[in-house]
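Note that this is a predicted model, so its numbers are computed, not measured. Convention: sequence-line order gives letters A, B, ...; per-chain numbering from 1.
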Number of protein chains: 2
Amino acid sequence: MNKITRIPTPEDAEALIREAGHRLTPQRSLLLDLLRSQKTFLDAEQLYALASQHEKDISLATVYRTLQLFVELGLVEARYLDPEHKREYYRIAGGLEYHYMTCRGCGAMIPVDPDIIEHVAQDWAKAHGLTLLTAHACYTGYCQECTKKRQEQAAREDLSG
Amino acid sequence: MNKITRIPTPEDAEALIREAGHRLTPQRSLLLDLLRSQKTFLDAEQLYALASQHEKDISLATVYRTLQLFVELGLVEARYLDPEHKREYYRIAGGLEYHYMTCRGCGAMIPVDPDIIEHVAQDWAKAHGLTLLTAHACYTGYCQECTKKRQEQAAREDLSG
DNA sequence: TTAACTGCAAAGCCTTTGCTCGTGA
DNA sequence: TCACGAGCAAAGGCTTTGCAGTTAA
C-alpha cells in the first residue's frame with residue numbers, strides 16, 4: 001500500500017490507476033471527483049447517493065468495488081467511525097490524520113488529539129464535558145513472521161518477474 | 001455503563017444482574033463462568049461452542065443476547081479485533097487494558113503498548129520487525145451536548161423515581 | 001402467577017460475488 | 001479486439017428479532 005501524504009490530484013490518481021494496470025472508467029473518475037470534493041468521511045451508501053445524482057445508472061456494487069480498488073492503491077482511506085463499527089467510512093487519502101470520537105447519542109464525530117489515549121483520554125474527556133465509554137487503539141498490519149514471509153515473497157517476485 | 005476495575009466474582013456479577021432487574025438463568029451463569037475462565041478474547045461463535053459442551057441445547061441467539069446484556073451491565077468488554085473488523089470479540093471486564101495489533105496475514109493478535117500510537121507506533125513496529133498498515137484510536141462515548149442531556153435525564157429520574 | 005427468558009428459524013444489514021453484457025485502450 | 005469493468009441480483013457472514021413455549025422469582 002502506497003502511503004500518500006497529500007491529497008492526490010486527478011492526474012496523480014489517474015496515473016496511479018493506470019500504472020497499476022487498471023482502466024480509467026467514467027465511474028471511477030466520478031467517484032474520485034466526489035471523494036476529492038468531500039471534507040468528511042462518507043460511507044458507501046452516501047457516496048452512491050451522490051454519484052447517482054450525476055450518473056443515474058451507477059450501481060452500489062461498483063461503488064464498493066471502486067472503493068476497494070482505491071483503498072488498495074492508497075488513494076482512499078477506510079475507517080470504522082460508526083458508534084457500533086457497523087459500516088465503513090471513506091475519504092480521499094492524504095488529508096490530516098484524525099482520530100474521532102463518535103457520540104453514541106447523536107453520532108457526532110469529535111476529532112481527538114492523536115497523542116491521547118486511555119487514561120489521558122479520560123482526563124481530556126472530563127475537561128471537555130464529554131463521557132468517554134471506550135478508548136482503544138486499532139492497529140492492523142503484518143506480524144513479524146508474516147512481514148518476513150512477505151519480504152521473501154517480494155524478493156522472489158523481483159527475481160522471477 | 002458501570003466501570004468495573006477488577007474481574008467480577010460470580011457473586012458480584014449475580015448481584016449486578018439482579019439489581020438491574022434481570023434474572024439469573026442457567027445460561028447466563030454458564031456463559032459468565034466460561035468468560036471468567038478465559039484468558040483471551042472470544043467471539044460469539046467460540047463462546048457458543050464452549051457453552052455447547054456443557055449445555056447442548058443452548059442457542060447462538062442466547063449467546064448474543066447474553067453478551068449484549070453483559071456489555072450493558074459492564075460485566076463484559078466488546079472489541080473489534082478482527083483484521084477486517086467483521087466480528088466482535090468479548091472478554092470479562094476488569095482485566096488489564098490491552099490494545100492489539102491484528103496480523104492481516106495470520107490473524108495473530110499482538111499486544112501493543114497503550115501509550116503507542118501513530119508515529120510512535122511506526123517506530124515501535126519497525127524495531128520489532130512488524131509492518132504497521134493502519135493505526136488509529138477508536139473512541140466511543142457521549143459528546144458534550146449528549147453528556148449534558150444524560151445528566152439532566154438522570155437528575156429527573158432521581159426526582160421522579 | 002407472570003413477566004422475563006429461551007430456542008428456533010427467519011430476517012436484517014452491510015458487503016461481496018457470479019454472471020453476462022458493455023467498453024476502454 | 002478482448003480483457004477488464006459495470007450492472008444486476010443473489011448470496012454471504014455476522015447479528016438481531018418475532019414468536020411461542022418455558023421458567024425464575
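Where A:Ala61 and A:Leu69 meet DNA chain D, the nucleotide closest to each residue was compared, and A:Leu69 sits on the side nearer the 5' end.
For B:Arg28 and C:dG7, the CZ to P distance is 11 Å, given to the nearest whole Å. Between the CD atom of A:Glu88 and the C1' atom of C:dT16 there is a distance of 13 Å, given to the nearest Å. Per the geometry, OH belonging to A:Tyr48 stands 14 Å off C1' belonging to C:dT15, to the nearest Å. One can place CG of B:Leu24 at 10 Å from P of C:dC5, the figure rounded to the nearest angstrom. D:dG5 atom C1' lies 13 Å from atom CG of A:Leu31, rounded to whole Å. In this entry the distance linking CD of A:Glu19 with C1' of D:dC4 reads 18 Å, nearest Å. The CD1 atom of B:Ile17 sits 14 Å away from the C1' atom of C:dA4 (whole-angstrom rounding). Rounded to an integer number of Å, the gap from B:Glu45 CD to D:dT15 P is 9 Å.
One can find a donor-acceptor pair under 3.5 Å joining the base of D:dC4 and the side-chain atoms of A:Arg23. Remark: the A:Arg65 side chain and the D:dG7 base include a donor-acceptor N/O pair separated by less than 3.5 Å.
Considering only side-chain N and O atoms, A:Thr62 lies under 4.0 angstrom from the phosphate OP1 or OP2 of D:dG7. Contact between the side-chain N/O atoms of B:Arg18 and the OP1/OP2 oxygens of D:dA24 is not found at any separation under 4.0 Å. Remark: A:His22 is not in phosphate contact with D:dC4, judged by side-chain N or O atoms under 4.0 Å from OP1 or OP2. Remark: A:Gln27 is in phosphate contact with D:dG7, judged by side-chain N or O atoms under 4.0 Å from OP1 or OP2. B:Tyr64 has no side-chain polar atom (N or O) that falls below the 4.0 Å cut-off from OP1 or OP2 of D:dT16. Put simply, B:Gln68 has no side-chain N or O that comes within less than 4.0 Å of OP1 or OP2 on D:dT15.
Although no hydrogens or angles enter the test, the distance criterion places a donor-acceptor pair under 3.5 Å between the side chain of A:Arg28 and the main chain of A:Arg23. A:Arg36 places no side-chain N or O within 3.5 Å of a backbone atom of A:Ile7 that could act as its donor or acceptor partner. A:Gln46 places a side-chain N or O within 3.5 Å of a backbone atom of A:Asp43 that can act as its donor or acceptor partner. In this structure, the side chain of A:Asp33 does not engage the main chain of A:Leu30 through any donor-acceptor pair within 3.5 Å.
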So A:Arg91 and A:Tyr89, side-chain contact (heavy atoms from CB on, under 4.5 Å) or not? Walk me through it.
CA-CA 7 Å; A:Arg91 74 165 182 188; A:Tyr89 288 78; over 6 Å; no
Let me see the working for A:Leu67 and A:Leu31 under side-chain contact (heavy atoms from CB on, under 4.5 Å), right down to the final yes or no.
CA-CA 8 Å; A:Leu67 284 171; A:Leu31 292 174; over 6 Å; no
Please walk me through it: do B:Leu75 and B:Leu35 pass side-chain contact (heavy atoms from CB on, under 4.5 Å)?
CA-CA 10 Å; B:Leu75 282 171; B:Leu35 284 163; over 6 Å; no
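Using five terminal pairs a side, the axes of the helix from C:dT1-D:dA25 to C:dA25-D:dT1 at its two ends make an angle of 30°, given in steps of 10 degrees.
With B:Ile17 as the partner, the side-chain contact (heavy atoms from CB on, under 4.5 Å) test is satisfied by one option alone out of B:Leu73, B:Asp12, B:Thr25: B:Leu73.
Counting non-hydrogen atoms under 4.0 angstrom, A:Asp57 reaches the backbone sugars and phosphates but no base.
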